[in-house]
2 protein chains.
Amino acid sequence: MKTNKDENTEEQILNAAKNVFQVKGMDGARMQEIADKAGINKAMLHYYYRSKQLLFEAVFKTAFSLLAPQLNTILNDDSSIEDKIRNFTSNYITFISKHPYLPNFIIQELNRNPDFILKMKNNLGFPNLEKFKKQVKTEVEKGILKPISAEQLFINILALNIFPFVARPLIMAFTNTNDKAYKQLIENRKTEVADFIINSIKNT
Amino acid sequence: MKTNKDENTEEQILNAAKNVFQVKGMDGARMQEIADKAGINKAMLHYYYRSKQLLFEAVFKTAFSLLAPQLNTILNDDSSIEDKIRNFTSNYITFISKHPYLPNFIIQELNRNPDFILKMKNNLGFPNLEKFKKQVKTEVEKGILKPISAEQLFINILALNIFPFVARPLIMAFTNTNDKAYKQLIENRKTEVADFIINSIKNT
DNA sequence: ATATTTGCTAACCATATGGTTAAACCATCT
DNA sequence: AGATGGTTTAACCATATGGTTAGCAAATAT
């Protein structure tokens with residue numbers, strides 16, 4: 001019996017859980033707080049999701065499945081490496097700006113429990129580097145790009161895009177910026193990061 | 001009355017606390033586990049450090065004061081930007097390889113409690129960008145470097161060096177590498193990251 | 001030698017927390 | 001109307017957890 005109201009409750013729980021888990025992590029999150037945010041009784045959490053662990057996994061999976069497609073953009077379309085980098089950098093920073101807790105949440109929880117990613121790997125749509133590797137190799141051979149391994153390039157792209165969100169408090173302290181200035185700094189990166197990468201790898 | 005034995009106990013606690021806190025974080029750490037690892041009674045933790053919070057702060061401060069001097073290397077010596085980047089990249093990756101939990105610990109806990117860094121900012125030896133900024137400006141004006149803001153360059157350097165340690169489980173999954181292969185990949189970055197950055201910013 | 005301070009432990013405490021239960025509620029079907 | 005079955009709640013439970021206390025042990029001072 002899936003009335004509207006039922007679906008709402010389940011979704012409300014997931015939403016509240018998303019907020020709490022992403023901000024406080026598995027260990028810091030409290031079932032009571034999730035229930036309060038969802039505006040329901042704590043017992044409902046268990047009615048719908050059985051346990052904290054399962055509720056957490058539901059949140060983690062939706063978070064991860066939000067992030068993965070973004071990566072596939074750069075891996076699986078047919079444009080040139082340069083275009084891919086420009087597109088990805090701009091899109092990704094825009095995307096994360098709307099979900100600023102996402103990368104940190106995923107990275108943190110994977111460090112807490114590295115085996116967790118094995119469950120994700122089986123999912124359809126898990127990022128796969130094969131096409132990207134071939135493409136980098138081809139463009140290097142053609143002399144479009146300077147020699148670089150696809151893995152290292154991929155890591156660099158991720159690092160330059162994701163790190164400013166993950167290490168935000170640290171960087172804000174080092175660079176002496178407030179929220180507004182940091183937002184601007186991130187905004188600038190939408191094009192600067194791509195330029196930075198392409199400057200480095202493109203043959204002239 | 002600081003006998004050897006006393007100092008040993010206090011240090012043993014700090015050491016055990018370091019291990020537990022760095023792996024499990026403030027929320028995931030248990031006082032009992034710290035006591036067990038230190039081989040002493042739980043009450044001793046409170047005898048020496050009063051509360052979990054204070055013990056945690058002691059750990060955090062030592063961790064942070066281990067990391068900060070590394071950053072000052074790149075900021076405050078007199079070599080050229082290029083040399084700084086080469087030195088820093090190699091040294092930093094070597095250093096972190098010996099303390100792999102450090103960056104993630106600091107980043108995670110700062111996200112949990114951003115105000116925490118204010119306490120650090122007052123410490124002597126807190127990284128300061130002023131000299132680095134001037135130097136970048138000078139080298140850009142001289143035409144040695146392509147135009148880039150010192151802040152963005154600094155963020156890029158940090159990102160490329162630190163991110164592979166922070167996001168290790170994620171990257172291992174994406175690139176399909178095991179522990180050994182990942183270690184090699186990191187090893188290669190000691191020079192490749194510097195090349196990557198310098199390629200990007202140096203005028204030819 | 002004795003008193004005193006310091007280091008340490010076992011037992012205990014109050015509270016927080018994830019989870020359960022029994023009963024109430026409410027919509028739908030007969 | 002009354003039975004049925006999914007949904008929701010208040011009250012409850014067992015355990016984990018940070019923290020405290022009273023007293024012992026050992027070193028230091030007198």
Side-chain angles (χ1 to χ4, degrees), chain A residues 1-63 105 108-109 112-113 115-116, chain B residues 1-63 105 108-109 112-113 115-116:
Chain A
M1 182 183 299
K2 291 267 177 181
T3 73
N4 264 352
K5 212 185 168 194
D6 303 359
E7 274 185 50
N8 268 342
T9 300
E10 197 169 339
E11 251 175 61
Q12 273 174 338
I13 292 176
L14 199 65
N15 251 321
K18 206 182 295 182
N19 286 327
V20 176
F21 276 128
Q22 287 188 7
V23 174
K24 311 214 166 169
M26 170 69 172
D27 292 330
R30 295 291 161 250
M31 294 296 266
Q32 188 60 59
E33 189 183 352
I34 295 174
D36 291 348
K37 287 230 164 117
I40 46 130
N41 188 287
K42 188 162 63 91
M44 293 309 290
L45 303 182
H46 294 93
Y47 180 77
Y48 282 102
Y49 292 92
R50 280 192 72 82
S51 69
K52 187 184 184 186
Q53 179 65 25
L54 287 175
L55 176 54
F56 171 79
E57 289 182 19
V59 168
F60 188 87
K61 275 174 194 162
T62 54
F105 171 65
Q108 177 54 23
E109 298 302 329
R112 208 176 52 86
N113 184 4
D115 294 338
F116 217 71
Chain B
M1 182 181 301
K2 293 265 176 183
T3 72
N4 264 352
K5 212 185 170 193
D6 303 0
E7 274 185 51
N8 266 343
T9 300
E10 198 168 339
E11 250 176 60
Q12 273 174 337
I13 292 176
L14 199 64
N15 250 322
K18 204 182 297 181
N19 286 328
V20 176
F21 276 128
Q22 288 189 7
V23 174
K24 311 212 167 172
M26 170 68 171
D27 292 330
R30 294 291 161 251
M31 295 296 267
Q32 189 58 60
E33 189 182 353
I34 295 174
D36 291 347
K37 286 228 164 118
I40 46 126
N41 189 289
K42 188 162 63 91
M44 292 310 291
L45 303 181
H46 295 93
Y47 181 76
Y48 282 102
Y49 292 91
R50 279 195 75 83
S51 69
K52 187 185 184 185
Q53 179 65 26
L54 287 175
L55 176 55
F56 171 79
E57 288 181 18
V59 168
F60 187 87
K61 274 174 195 160
T62 54
F105 171 65
Q108 177 52 25
E109 297 302 330
R112 207 177 52 85
N113 184 2
D115 294 337
F116 217 71

Nearest whole angstrom, please: distance from the [atom2] of [N] to the [atom1] of [X].
X	N	atom1	atom2	answer
Leu54(A)	dG18(C)	CG	C1'	13 Å
Tyr48(A)	dT8(D)	OH	C1'	9 Å
Ile13(A)	dT7(D)	CD1	P	11 Å
Met44(B)	dA10(C)	CE	C1'	14 Å
Asn41(A)	dT21(C)	CG	P	15 Å
Tyr49(A)	dG18(C)	OH	C1'	18 Å
Glu33(B)	dA16(D)	CD	C1'	14 Å
Ile34(B)	dG19(D)	CD1	C1'	14 Å

Requested in this report: Check whether any side-chain heavy atom of Val23(B) lies under 4.5 Å from a side-chain heavy atom of Phe105(B), and answer yes or no.
Outcome: no
**Report entry** Among dG18(D), dG19(C), dC8(C), the one nearest Lys42(B) by side-chain distance
**Finding:** dG18(D)
Query raised in the report: In terms of side-chain heavy atoms of Tyr47(A), which of dT7(D), dT9(C), dT9(D) is nearest?
Result: dT7(D)
Query - Nearest-nucleotide comparison on DNA chain C, the residue closer to the 5′ end among Ala43(A) and Gln32(A) - result: Gln32(A)
Report summary line: Sorted by number, residues from residues 21-31 of chain B placing a heavy atom under 4.0 Å from DNA chain C are none
**Report entry** Side chain Lys52(B) and base dG19(D) donor-acceptor under 3.5 Å
**Finding:** no
Query - Set of salt bridge (Lys or Arg N to Asp or Glu O under 4.0 Å) partners for Asp36(B), sequence neighbours left out - result: none
Which pairs, protein N/O on one side and nucleotides 24-26 of chain D N/O on the other, fall under 3.5 Å?
none

Requested in this report: Identify whether NZ of Lys or CZ of Arg in Arg112(B) sits under 6.0 Å from the centre of the six-membered ring of Phe56(B) and within 45° of that ring's axis.
Outcome: yes
Query raised in the report: If only atom types and distance count, is the side chain of Lys52(A) paired as donor or acceptor with the main-chain N or O of Ala29(A) below 3.5 Å?
Result: yes
Report task. Taking Glu109(B) for its side chain and Met26(B) for its backbone only, find out whether a donor-acceptor pair lies under 3.5 Å. Result -> yes
Query raised in the report: Is the shortest side-chain N/O distance from Thr9(B) to OP1 or OP2 of dC8(C) below 4.0 Å?
Result: yes
